[in-house]
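The structure displayed is predicted, hence computed values, not measured ones. First the proteins, then the strands, lettered A, B, ... as listed; each starts at 1.
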Amino acid sequence: MRVQKPKGTVDILPGESQNWEKVENITRSFLTRAGYREIRTPLFENYEVFSRSSGESSDIVEKEMYDFQDKGGRHIALRPEGTAGVVRAYVENKIYGPDHVKPFNVYYIAATFRYERPQAGRQREFHQIGIESFGSDNALSDVQTIMLGNDLLHELGVKNFELHINSLGNEEVRKAYHDALINYFTPLKDKLSEDSQRRLGTNPLRILDSKDERDKEFLPDAPKIIDYLDEDSKAKFDHITQMLKDLGIDYVIDDDLVRGLDYYTGVIFEFMVADSDLWASPTTVLGGGRYNHLVEEFDGPETPAVGFGIGEERLMLVLQKQNPDLFADHGIDFFLANIGEGTELKTIETARALRKQGYQVDFDVDQKKLKNQFKKADRLKASYVITIGARDLAEGVVQLKRLSDGKQIPVALEKLGHMADIIAEL
RNA sequence: GCGGAAUUGGUGAAGUGGUUAACACAUCGGUUUGUGGAUCCGACAUACGUGGGUUCGAUUCCCACAUUCCGCCCCA
């Protein structure tokens, strides 16, 4: 049988997988220090969990969802984003109850699925790193969320990202702004690109984001969301941006910033990376915002919330380019080479003992010639080779050799239990 | 969903309608058996994404499909 992975999926093989581990370990450590704990929710949910929260008319729901009927006739969907499932879990487990400390802060690193045409940094199965904070509407929680995104990217070594932020208001504000955009663009309809003529009917906000020159000339005079915000939203947005300024976090206010999901209600933001070697136009690596009504949508109590999601594949692309040192391959600590009668057992015993001391140790299970064993040690990028030979063994020693400079010393068998000391002497 | 390009061994690749598919790297074996990253010698594609067609004959021409990549839509 000739097998092939499904379109838009990838195998992450050894060599690559350790890079992911590295990024994920740094991320987990970072978020744990910030008081976020991991949540794991199902890979699939009832279809409605995603269709209702993301917006029935959003592209994600209309054409990108992996959904199917299971054998029990249930309409199931693979998660196309992380937030909805977490909100569902929050409500279903009654985490809004008094037993839980508020805000309730969680993170996840999870596989996510969208039926799309694959491209660089876009797959059908991909991974999102996300955080969500439930229970506070204070600007501090918005600022902290943005700050964590900023600091995490810095800690990982992303160099040239730009933070774009904007504010969407409540339901009424969005409605009024939506209408204003339609009123503005409708008379211009014939001059707009085909895509934007279509957007006028589906999602006029997206016209603001158009890359088509025919559209761009009309954008500067288009209505700005900021002029439609209510006083509270405006004051809060100012408060947030002021704090970012005080924290030394650079940002640009981006009137044209819109996000693909319907549930955002307040501040929204994207961290974008411009790298022409990677993408033709600046690409979002991290995006998020405030969503104060989603919990209610799931029949939970009124609960403000804010969060973000990182596209892990895109993050990896950027890091491999901008911080390759992070992925340096250091190889193993010891390779055990053995030669002569009766050295096999001593070899595997020594491997066991050294591993117990915390070292990465390997040896040649195929027992090839000494020369081949050394070659294998080189291939494994071993720092040291310990040669266990029958002649030496009779005298109670093994040979320890540092491969970088070839220096070799005999080591008494009894001392193998204290490898750190021996290496210090070498 | 729309438009474009690509598809030869483990890797990078050259190449032609017709008897041995170049070259390089890597790998494996050897260079007389206790020490590597050097040199030298040798081995290594039943076959050129899959299926069909044209042809006496196709890896080379045509068609379809698949996958990958690029741009758009959209998004992480």
Gap between atoms [atom1] and [atom2], on [X] and [N] respectively (whole Å):
X	N	atom1	atom2	answer
A:D275	B:A76	CG	P	20 Å
A:L370	B:G37	CG	P	12 Å
A:Q4	B:U50	CD	P	10 Å
A:L403	B:U35	CG	C1'	10 Å
A:Q123	B:A76	CD	P	15 Å
A:Q373	B:G29	CD	P	12 Å
A:I409	B:U35	CD1	P	20 Å
A:L319	B:A76	CG	P	19 Å

Using the [atom1] atoms only, state how far [M] lies from [N], rounded to an integer number of Å.
N	M	atom1	result
B:G53	B:G71	P	38 Å
B:A45	B:A13	C1'	14 Å
B:G15	B:C56	P	29 Å
B:C70	B:G51	P	28 Å
B:A66	B:A76	C1'	26 Å
B:A38	B:G4	C1'	48 Å
B:G36	B:C28	P	15 Å
B:C61	B:A6	P	11 Å

Is [X] touching bases, backbone alone, or none of the nucleic acid, heavy atoms closer than 4.0 Å?
X	value
A:K371	base
A:T387	base
A:E312	nothing
A:R379	sugar-phosphate
A:G340	nothing
A:E194	nothing
A:Q408	base
A:G130	nothing

_Gap separating the CZ atom of A:R290 from the OG1 atom of A:T265, nearest 0.5 angstrom_ =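 With rounding to 0.5 Å, CZ (A:R290) is 7.0 Å from OG1 (A:T265).
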_Separation of A:I207 CD1 from A:Q197 CD (nearest 0.5 Å)_ =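 Spacing of CD (A:Q197) from CD1 (A:I207) equals 9.5 Å.
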Given [options], the nucleotide with the shortest approach to the side chain of [X]:
X	options	result
A:E64	B:G34, B:C74, B:G36	B:C74
A:F374	B:C2, B:G36, B:G34	B:G36
A:D378	B:G34, B:A76, B:G36	B:G36
A:R314	B:C70, B:A76, B:U35	B:A76
A:K369	B:A76, B:G30, B:G36	B:G30
A:K7	B:C73, B:U67, B:C69	B:U67

Quick one: look up who [N] pairs with, Watson-Crick or G-U, both distances under 3.5 Å, and put none if it's unpaired.
N	result
B:U67	B:A6
B:U33	none
B:C72	B:G1
B:C56	B:G18
B:A47	none

*Which comes earlier along RNA chain B counting from the 5' end, the contact point of A:L393 or that of A:P6, where each point is its nearest nucleotide?*
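Of the two residues, A:L393 wins.
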*Taking for each residue the nucleotide of RNA chain B bearing the nearest heavy atom, is the 5' side occupied by A:L286 or by A:S404?*
A:S404
Is the phosphate of [N], meaning OP1 or OP2, less than 4.0 Å from a side-chain N or O of [X]?
X	N	value
A:K401	B:U35	no
A:K375	B:C28	no
A:K368	B:G29	yes
A:Q119	B:G71	yes
A:R402	B:G37	no
A:R199	B:C73	yes
A:N372	B:G29	yes

*asked:* Both conditions, 6.0 Å and 45 degrees, for the charged tip of A:R124 above the ring of A:Y115: are they met here?
replied: yes
Check ion pair [X]-[Y] (N to O, under 4.0 angstrom):
X	Y	answer
A:R79	A:E45	no
A:E155	A:R33	yes
A:K376	A:D362	no
A:D275	A:K321	yes

_Under the side-chain contact (heavy atoms from CB on, under 4.5 Å) test against A:Y107, which residue among A:F308, A:Y36, A:F30 passes?_
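Single pass found, and it is A:Y36.
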_Base of B:A76 and ring of A:F126 stacked, centres under 5.5 Å, planes under 30°_ =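 So A:F126 counts as stacking on the base.
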*asked:* Is it the case that B:C74 (base atoms only) and A:R122 (side chain only) share a donor and an acceptor within less than 3.5 Å, ignoring hydrogens and angles?
replied: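 For A:R122, whose side chain was compared with the base of B:C74, there is a donor-acceptor pair (under 3.5 Å).
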*Could you check whether the rings of A:F104 and A:Y90 sit parallel, tilted or perpendicular, using 30° and 60° as the cut-offs?*
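Taking A:Y90 first and then A:F104, their aromatic rings sit tilted (interplane angle of 30° to 60°).
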